[in-house]
> 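My questions all concern the structure below.
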Amino acid sequence: MKISIEDVSFLLVLASLLSTLKISSAIDTISTTQILRDGESLVSSGGVFALGFFIPGNSTNRYVGIWYNNIPGKSVVWVANREIPLTSISGILKVIEPGILALQNGTNNIIWSSEMTRVAQSPIVQLLDSGNLVLREANDDDPENFLWQSFDYLSDTFLPSMNFGWNYATGRESYLSSWKSKDDPAPGNLTLHLDPTGYPQLLIKRGNFTMYRMGNWNGVRFSGETDVRGKRSLYGLVIMNKNKIYYREDVVDRSVKSRITLSQNGVWQRWSWVDGIQEWVRYQVLPSDFCDAYSSCGAYSSCSITYSPTCLCLRGFEPKDPYGWNMNDWSNGCIRRTHLNCKGDAFWRYPRIKLPDSRYSWFMESMTLEECKVECLKNCSCKAYTQLDISSERGGCLFWYDLRDIREIPFDGQDIHIRMAGSELGNNTKKIAVDLKGKRRKILITSLISLMGVVLLGMSLMLYFCKREKNVPRGRTGGSISKDFEMQLFDLSTISKATNNFPINNKLGQGGYGLVYKGTMEDGQDIAVKRLSETSMQGLDEFKNEVMCIAKLQHRNLVKLLGCCIQGEEKMLVYEYMPNKSLDFILFDQTKCRLLDWPKRFHIINGVARGLMYLHQDSRMRIIHRDLKASNILLDTDMNPKISDFGLAKSFGGNETGAQTGRVVGTHGYISPEYVVEGIYSLKSDVFSFGVLMLEIVSGKKNWGFSHSDHHLNLLGHKEGQRN
Ligand SMILES: *[C@@H]1O[C@H](CO)[C@@H](O)[C@H](O)[C@H]1NC(C)=O
Ligand SMILES: *[C@@H]1O[C@H](CO)[C@@H](O)[C@H](O)[C@H]1NC(C)=O
Ligand SMILES: *[C@@H]1O[C@H](CO)[C@@H](O)[C@H](O)[C@H]1NC(C)=O
Ligand SMILES: *[C@@H]1O[C@H](CO)[C@@H](O)[C@H](O)[C@H]1NC(C)=O
Ligand SMILES: *[C@@H]1O[C@H](CO)[C@@H](O)[C@H](O)[C@H]1NC(C)=O
Ligand SMILES: *[C@@H]1O[C@H](CO)[C@@H](O)[C@H](O)[C@H]1NC(C)=O
């Protein structure tokens, strides 16, 4: 008989299978007379899960854990000795009297053990098909009467049929905690809880700091949950009574394998095993964008990744700190335009949102929505209401006394009714229309504030100039600021005249701060004027710094600031005018993009890189731009690129290269992952954005909004190999 190559390889596979079978002998129970050694495993009766010794990632340490028995890749769902690893292969797991599961190392020291709840006669350990490792009496008829169970001591994975939450009888909370790293299953800083304050909701925290909310349970799903495809085969349930409060999921079909993990960065991920492709498919991710970060928009405002800017005050509310708001610092949130007086109030219905933080709420069961409204009107601290359980007519009410962390969820969101002064309701539509039109305001030419503003700026410019004089060696042409920086203070009347009093049809676009208008000076020079929306006195300092920051930057690939204008509430920056507008106008336009041949695209990439290098390395202060994107690259007549919009820029000392912020700013699609997830920004954040920009320039496609028939990834996720 002839043996072909295929037969040989088949024999080899068979041989290796046989050898693994020999090593891992599986048992289904551990009793006091048995032990489990490294290389052996305890398998659940249906063969779904296995318990044994494993080595995570690149570590050399050993741990006892549970994983899916027949799924390749060993996804560990539970770890016993998370904090104290075994350092040699000589560990054993055994059950000891009077009812403890213990892990001993090579010198017979117990390095991990289960908590003892009561004395047992003949304790045994079993692994159930749910993935629950239980310790019970061998002859106990009650299948749920456990001495101890691993489902009370979770690692980073949530499985169906776990009771996730609080058991007030034992005072125990079961919650997820991330691994420290892929190599180390010790509890990391990130945790997922069912928080029972107000009305129960799922929260992801770092230490005591709330990072993200999945939202409260509305009878069908968590209010912040999107993309529930992976949940079709599961039903969830929140149980609340005096003794316990927990969430659990159960599978409709026992063959379904589903799990939720909390990654080292605090990302919630729901996975389902798909047999056909032999892979874990990820269905849900939280956070999935900027709006998922806790309270990104502060109180009384709503976040939407489709707005620009991302945050909008709720109807009838206005920014608490208008200056910060215009700088894209939304942390202070919004306040009411008209105070509530508790009488004659009415409600605005907001459709399809993620409900606000339910830690600031209380609830009543078995009521209709109409009854909720009546109840809410009775209590002056009730600021909003909605239906508690959307699956039933008399689903009860959820009432809020404070509204935080609202975002739009276009398809799966829920409606909320927000209390407003009655007078606001009549007024509102008109006011909103005006707001959207760009806040045309009467210009106050003379006011005390304007005088103070000019005097302050003048003084600070002089102060700065004096300081500079001391530092800069003599011999340079000193004299006046305007000569030094080629920057001047313009009169409001000059600018009004140049722009023809800011008509809306002269609008060039919208920058991070406010609207940009085109204008022509008396001498014929074209200018672009960025007009900051009306601001408070407190913003003046920041504005001054901003002016100084941009004025000090001189590079052919940065947009040139000609001057500024400060008068009263008006603050404006005057730039040179760029006839070819911004890169996105040309790049993403089907006809205009033909203007950009390859040498021009290369020229643009090169220019942006030079500008960025200047900001990062060559300028006197290191500057992180933080909002590099196609619409912030302006093009002059010769298609030379110029980086613009330093609204979010940060300057650094010589040695610093980054920092951490609680608030992520920038533009979706260009923000680096570590900045979104950890709030850490550095020079590298700009480099990431530059990379995205470069891909966009080369491909002519937007990263955000990119679509492809084969997959749901954005431009970054789209790989060369997938193109065919
Ligand atoms: C293990 O180390 C290799 C090489 O250093 C690395 O490529 C791999 O990503 C590491 N794996 C894990 C899980 O850390
Ligand atoms: C077992 O654990 C004890 C106490 O933690 C330690 O002193 C001993 O060195 C360990 N033995 C081995 C073989 O790791
Ligand atoms: C946990 O947080 C502390 C302080 O916030 C930090 O020093 C430590 O490095 C963090 N640990 C991990 C694993 O991230
Ligand atoms: C978290 O909050 C609890 C209770 O408010 C407090 O005891 C604990 O010290 C806090 N932990 C940190 C790291 O701030
Ligand atoms: C309003 O509701 C809050 C929260 O339940 C409660 O503390 C307060 O006593 C109520 N006030 C009135 C006047 O009913
Ligand atoms: C509009 O709102 C103002 C307060 O912002 C109020 O004084 C006025 O009465 C309202 N007008 C109407 C028609 O409701």
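Whatever order the structure lists ligands and atoms in, that order sets their numbers, starting from 1.
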> N or O contacts of ligand 5 with protein under 3.5 Å, please list pair by pair.
unit_1   : atom_1 : unit_2 : atom_2 : d
ligand 5 : 2 (O)  : N379   : ND2    : 2.2
ligand 5 : 11 (N) : N379   : OD1    : 3.4
ligand 5 : 11 (N) : N379   : ND2    : 3.0

> Enumerate donor-acceptor pairs with a distance under 3.5 Å from any side-chain N or O in residues 159-166 to protein atoms, sequence neighbours excluded.
unit_1 : atom_1 : unit_2 : atom_2 : d
N163   : OD1    : R248   : NH1    : 3.1
W166   : NE1    : L194   : O      : 3.0

> Side chains of residues 364-371: which donor-acceptor pairs under 3.5 Å do they make with residues two or more places apart or in other chains?
unit_1 : atom_1 : unit_2 : atom_2 : d
T368   : OG1    : E371   : N      : 3.3
E371   : OE1    : T368   : N      : 3.0
E371   : OE1    : R394   : NH2    : 3.2

> Give the atom numbers and elements of ligand 2 that come within less than 4.0 Å of a heavy atom of T87.
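Counting from 1, the qualifying ligand atoms are 14 (O).
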> Give me each pair satisfying side-chain hydrogen bond (donor to acceptor under 3.5 Å, both in side chains) with a member in residues 64-73, each pair once, sequence neighbours excluded.
none
> Just do the side-chain contact (heavy atoms from CB on, under 4.5 Å) check on L51 and V64 with the steps written out, would you?
CA-CA 7 Å; L51 170 110; V64 169; 4.0 Å; yes
> Using distance alone, decide if ligand 2 has a nitrogen or oxygen within less than 3.5 Å of any nitrogen or oxygen in S88.
no
> Check the SG atoms of C397 against those of C376: under 2.5 Å or not?
no
> Just say parallel, tilted or perpendicular for the rings of Y385 and H417, cut-offs at 30° and 60°.
parallel
> Could you check whether the rings of Y247 and F158 sit parallel, tilted or perpendicular, using 30° and 60° as the cut-offs?
parallel
> By number and element, which atoms of ligand 2 are closer than 4.0 Å to a non-hydrogen atom of N105?
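It comes down to these atoms of ligand 2: 1 (C), 2 (O), 3 (C), 8 (C), 10 (C), 11 (N), 12 (C), 14 (O).
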